[in-house]
Undergrad: 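What follows is a structure written as structure tokens; I'll ask about it next.
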Amino acid sequence: MPELPEVETVRSGLDRLLPGLIVKSVTCQNPKSFSGSAADVKQFLTGAAVSKVNRRAKVLMIELSNQHTLVIHLKMTGQLVFQSTNVRFGAGHPNDSLVGQLPDKSTRVTLEFADGSRLFFNDQRKFGWIRLLPTAEVPGMAFIQKLGPEPLESQFTWQVLKDRLHRRLKTNIKAALLDQTVIAGVGNIYADESLWGAKIHPQTRVQQLSTPQIKALHDALVSVLRLSLQQGGSTDRNYVDAEGRKGSYLSFAKVFRREGQTCPRCGTTIVKIRVAGRGTHLCPHCQRLHIPRIVS
DNA sequence: CACTTGACCTGTCCGC
DNA sequence: TGCGGACAGGTCAAGT
């Protein structure tokens with residue numbers, strides 16, 4: 001489930017590998033995974049050089065030298081894996097074991113570059129997509145305009161978090177954290193992990209959060225996302241980076257996918273419940289739900 | 001408008 | 001061993 005740390009890890013890998021490469025051909029194995037007419041591909045993709053790879057929230061943007069951009073969302077199971085005859089990743093590198101393995105049955109789109117290297121868009125569940133657009137139109141895309149702030153940028157203070165949460169006062173904090181218009185890039189893993197860090201029950205109504213709780217949540221969010229980025233993200237099942245490497249954050253996770261194990265803070269058994277339609281992991285002792293009561 | 005639920009997909013796991 | 005169903009979760013459309 002690529003969330004901000006995973007998508008950022010893919011971005012930085014692609015940004016090291018792709019700039020300067022010239023697109024030679026595009027093969028689309030699943031029509032829904034790629035939107036861009038054959039004429040546009042011929043005119044604006046084939047022959048173009050990659051200039052830079054950007055990210056906003058969970059969306060990747062491969063910018064081309066001809067004022068066009070490939071906008072990519074990996075959704076749940078998307079991967080962008082690069083293979084080259086020229087770039088060597090070193091002995092024992094997982095990319096070596098992929099040589100000859102790709103494309104496989106989950107490959108939806110293949111970009112081939114002039115030097116023979118290839119970028120595979122693999123996506124088991126076909127939820128992800130790639131769109132070819134003029135670069136100038138990217139910021140105007142509806143979902144990009146609605147996105148909340150990037151939580152790892154320095155402008156993201158606890159006051160900003162408090163302000164953004166104001167738009168979802170009546171829902172629970174877990175749903176608010178997953179809402180990309182509140183904060184960009186948080187998904188199920190980091191929502192659960194940061195709520196544990198801040199000792200907040202996921203079903204707490206946003207309106208009921210105190211200022212100290214919002215400060216704690218802000219700190220937890222930032223530190224969890226930073227740690228995950230350091231670890232190359234989380235690999236639950238599918239996720240790999242641009243070179244085919246897995247992320248190791250989940251070995252640092254406190255509650256995510258750890259139901260039945262003990263809370264590292266208090267020893268209580270971690271439980272899994274359903275909140276906002278998502279599997280949600282928490283420590284029932286550290287993260288208690290406060291029921292407001294009427295004072296008479 | 002605020003908020004919740006279901007659909008989109010495929011692979012895996014669990015119970016029978 | 002096979003089969004049906006639940007489950008995994010990012011996002012948007014449709015529902016309350």
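Keep in mind that the numbers below use all heavy atoms, side chains included, and drop hydrogens, waters and symmetry copies. The sequence lines fix the lettering, A, B, ..., with proteins before strands; numbering per chain opens at 1.
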Undergrad: Check whether any side-chain nitrogen or oxygen of A:Gln180 sits under 4.0 Å from OP1 or OP2 of C:dT11, and answer yes or no.
TA: yes
Undergrad: Please indicate yes or no: is the ring centre of A:Phe127 less than 5.5 Å from the centre of the six-membered base ring of B:dC8, with the two planes inclined by under 30 degrees?
TA: yes
Undergrad: Cation-pi between A:Arg265 and A:Trp196: NZ/CZ under 6.0 Å from ring centre and within 45° of the ring axis?
TA: yes
Undergrad: At 4.0 Å (heavy atoms only), tell me whether A:Phe256 reaches a base, stays on the sugar-phosphate, or touches nothing.
TA: sugar-phosphate
Undergrad: Considering only atom C1', compute the distance from B:dC13 to C:dG10 and round it to an integer number of Å.
TA: 22 Å
Undergrad: Taking only the P atom of each, what is the distance from B:dC3 to C:dG9 in whole angstrom?
TA: 23 Å
Undergrad: Between A:Phe127 and A:His73, does the ring centre distance come in under 6.0 Å?
TA: no
Undergrad: Do A:Phe120 and A:Asp104 come close enough that some side-chain heavy atom pair is under 4.5 Å?
TA: no
Undergrad: What's the gap between B:dC1 and C:dT11 when it is taken at their P atoms, as a whole Å value?
TA: 22 Å
Undergrad: Whole Å only: how far is the NZ atom of A:Lys272 from the P atom of B:dC13?
TA: 14 Å
Undergrad: Using salt bridge (charged side-chain N to carboxylate O under 4.0 Å, His left out), reason through A:Arg278 and A:Asp192 one step at a time and then give a plain yes or no.
TA: CA-CA 10 Å; A:Arg278 295 284 171 265; A:Asp192 284 4; over 6 Å; no
Undergrad: Is any side-chain heavy atom of A:Phe113 less than 4.5 Å from a side-chain heavy atom of A:Val23?
TA: yes
Undergrad: Within the 4.0 Å heavy-atom criterion, would you say A:Gly277 contacts the bases, only the backbone, or no part of the nucleic acid?
TA: nothing
Undergrad: Quickly work out the A:Lys174 NZ to C:dG9 P distance and round it to whole Å.
TA: 8 Å
Undergrad: Taking for each residue the nucleotide of DNA chain C bearing the nearest heavy atom, is the 5' side occupied by A:Arg274 or by A:Ala57?
TA: A:Arg274
Undergrad: Just the rounded figure in Å: distance from P of B:dA7 to NZ of A:Lys32.
TA: 14 Å
Undergrad: Under a 4.5 Å cut-off applied to non-hydrogen side-chain atoms, are A:Leu64 and A:Thr69 in contact?
TA: no
Undergrad: Kindly say if A:Lys126 contacts the phosphate of B:dT10, meaning a side-chain N or O under 4.0 Å from OP1 or OP2.
TA: yes
Undergrad: Within this structure, what is the CG-to-C1' distance between A:Leu250 and C:dG9, rounded to whole angstrom?
TA: 14 Å
Undergrad: Taking the side chain of A:Lys105 as heavy atoms from C-beta outward, which of B:dG11, C:dA8, C:dC12 is closest to it?
TA: B:dG11
Undergrad: Distance from A:His68 atom NE2 to A:Asp40 atom CG, nearest 0.5 Å?
TA: 6.5 Å
Undergrad: Base, sugar-phosphate, or nothing: which does A:Arg205 touch, judged by heavy atoms less than 4.0 Å apart?
TA: nothing
Undergrad: If the P atom of B:dA7 is compared with that of C:dG5, how far apart are they to the nearest Å?
TA: 16 Å
Undergrad: Test for a donor-acceptor pair under 3.5 Å between the base of B:dA2 and the side chain of A:Arg167, counting only N and O atoms.
TA: no
Undergrad: By the 4.0 Å heavy-atom rule, please label A:Gly128 as base, sugar-phosphate, or nothing.
TA: nothing
Undergrad: Rounding to an integer number of Å, can you tell me how far A:Asn122 CG sits from B:dT10 C1'?
TA: 14 Å
Undergrad: Check the distance between B:dC9's C1' and A:Gln79's CD and give it to me in whole angstrom.
TA: 16 Å
Undergrad: Taking any strand in view, what nucleotide pairs with C:dG9 in a Watson-Crick or G-U wobble way, both distances under 3.5 Å?
TA: none
Undergrad: In whole Å, I'd like the distance from the CD1 atom of A:Ile72 to the P atom of C:dG10.
TA: 19 Å
Undergrad: Partner of B:dC9 by Watson-Crick or G-U wobble geometry, both contacts under 3.5 Å, or none?
TA: none
Undergrad: Between C:dA14 and B:dC9, how far apart are the P atoms? Round to whole Å, please.
TA: 15 Å
Undergrad: At less than 4.0 Å, is any side-chain N or O atom of A:His73 found next to OP1 or OP2 of C:dT11? Yes or no.
TA: yes
Undergrad: C:dG10 P sits how many Å from A:Leu177 CG, rounded?
TA: 12 Å
Undergrad: C:dT11 base to A:Arg278 side chain: any donor-acceptor pair below 3.5 Å?
TA: yes
Undergrad: B:dT4 phosphate, OP1 or OP2: any side-chain N/O from A:Thr171 under 4.0 angstrom?
TA: yes
